[in-house]
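Each residue takes its place number in the sequence, starting with 1. Side-chain atoms are counted along with the backbone in the values below, which use heavy atoms only and exclude waters and symmetry mates.
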Amino acid sequence: MMSPKENYLTMLKGGKPEYMPCMYTDYVVTGGARESFENGPAEGGRDGFGVLWHPTNSANGAPVPAPNDFVLEDIEDWEDVVKFPDLDAYDWEEAAREHLAGVDTERVAVEYQSWNSQFLRVTHLMGFQEGLCAFATDPEATYALMDKITDYKIRCLEYAAKYFKPDVFVNFDDVATVSSLFLSHDCYRKLIKPLHKKMNDAAKALGMIPAQHCCGKAESLVQDFIDEGSVAWQCAQPCNDLASVIEKYGDQIVVMGGYDTQGPASQPGATHEQITAEITRCFDEYGKYGKGYIFLGLIVGDKDDAGTQEASRFLVEEAIRQTKEYKY
């Protein structure tokens, strides 16, 4: 019988798992929200770039950049203005102990999440409006800044490889809204795609399996994700035709997600019946191909709210129950 780790990694490597892999049993998340140099302190504050972050109540406490507090005003000035975090000053060894406390890494896979990647970091430094304009008005300077961000991210991966020893690397770069991409396909492929590939190549050289996190309607980029070296598209939402993506690309990339995080089954007041039905829908629509799908879902709301906590508790229990029963 496969361990949860073996079950999960088997799917990512194109094999046939024994049961539907699940985010709540098969892997543990490191990095990501817990890196203050990327997202500021948990209570709010500036990150290692100088960006000011505020925690939110509406999105499980996830931080967001403060409005009207920009580090970079003119993209052409980035070399003089942008300061990168001092990664040597971060206690990676202690972070690994905290993130992996109580985890049996022989049985559970380790995922290292790298938040605020190339596109997102530009918009965090400049604000979304000016950041998007920079891609159009000065693509050369924008690419140069993102290339420097990529080099910095690769250094993060080198530290992560040494201390966390991850099986999987997830690049967080949300380039889409619920209806379309923020950028043209041509702009993405010229400016962002080469740098995602550069980072994924580094991750593979360090022994990690690359995956891409991208919320929103990004199905038109699936082939690009594959070209970049990603073997999974994480947090894929049903605003995309995920069934068609799995049917067409399921031998090359795994869709992780499917749960409607914008519908009633993801709200703090979601009933047990709504949650059960939504998990079942995911399995019926996306699991039927026998390839290319891993369940991922969550409740979106105030993490301290009793309704959010109860709905989240039940979603975890029901997801584990159904994934264990679902045989590929």
Under 3.5 Å, which donor-acceptor pairs link side chains of residues 123-132 to any protein atom two or more places apart or in another chain?
from: Thr123; atom 1: OG1; to: Leu120; atom 2: O; distance (Å): 2.7
from: His124; atom 1: ND1; to: Leu120; atom 2: O; distance (Å): 3.4
from: His124; atom 1: NE2; to: Asn116; atom 2: OD1; distance (Å): 3.1

Side chain to side chain donor-acceptor pair (under 3.5 Å) partners for [X], two or more places apart:
| X | result |
| --- | --- |
| Glu310 | His272, Arg313 |
| Gln267 | none |
| Glu219 | Lys217 |

Compute whether any side-chain donor of one residue and acceptor of the other, for [X] and [Y], lie under 3.5 angstrom apart.
| X | Y | answer |
| --- | --- | --- |
| Tyr19 | Lys327 | no |
| Ser3 | Glu106 | no |
| Gln113 | Thr30 | no |
| Trp53 | Asp47 | yes |

Q: Mind jotting down which residue pairs meet the salt bridge (Lys or Arg N to Asp or Glu O under 4.0 Å) criterion with at least one end in residues 281-296? Sequence neighbours excluded, please.
A: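 Found Asp251-Lys291, Glu278-Arg281, Arg281-Glu285.
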**Q.** Partner set under side chain to side chain contact (heavy atoms under 4.5 Å, CB included) for Arg97, not counting sequence neighbours
**A.** Glu93, Glu94
Q: Using the test side chain to side chain contact (heavy atoms under 4.5 Å, CB included), find all partners of Ser220 that sit at least two apart in sequence or belong to another chain.
A: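 Once residues adjacent in sequence are excluded, the partners of Ser220 under the side chain to side chain contact (heavy atoms under 4.5 Å, CB included) criterion are Leu181, His185.
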Kindly state each residue pair satisfying side-chain hydrogen bond (donor to acceptor under 3.5 Å, both in side chains) with at least one member in [range], sequence neighbours excluded.
| range | result |
| --- | --- |
| residues 160-170 | none |
| residues 201-216 | Asn171-Gln212, Asp174-His213, Lys197-Asp201 |
| residues 131-147 | Asp147-Lys198 |
| residues 64-78 | Arg46-Asp69 |

**Q.** Which residues share a ring pair (Phe, Tyr, Trp, His ring centres under 6.0 Å) with Phe164, sequence neighbours left out
**A.** His99, Tyr112
Q.
Between Arg155 and Asp88, does any side-chain N to carboxylate O distance fall below 4.0 Å?
A. yes
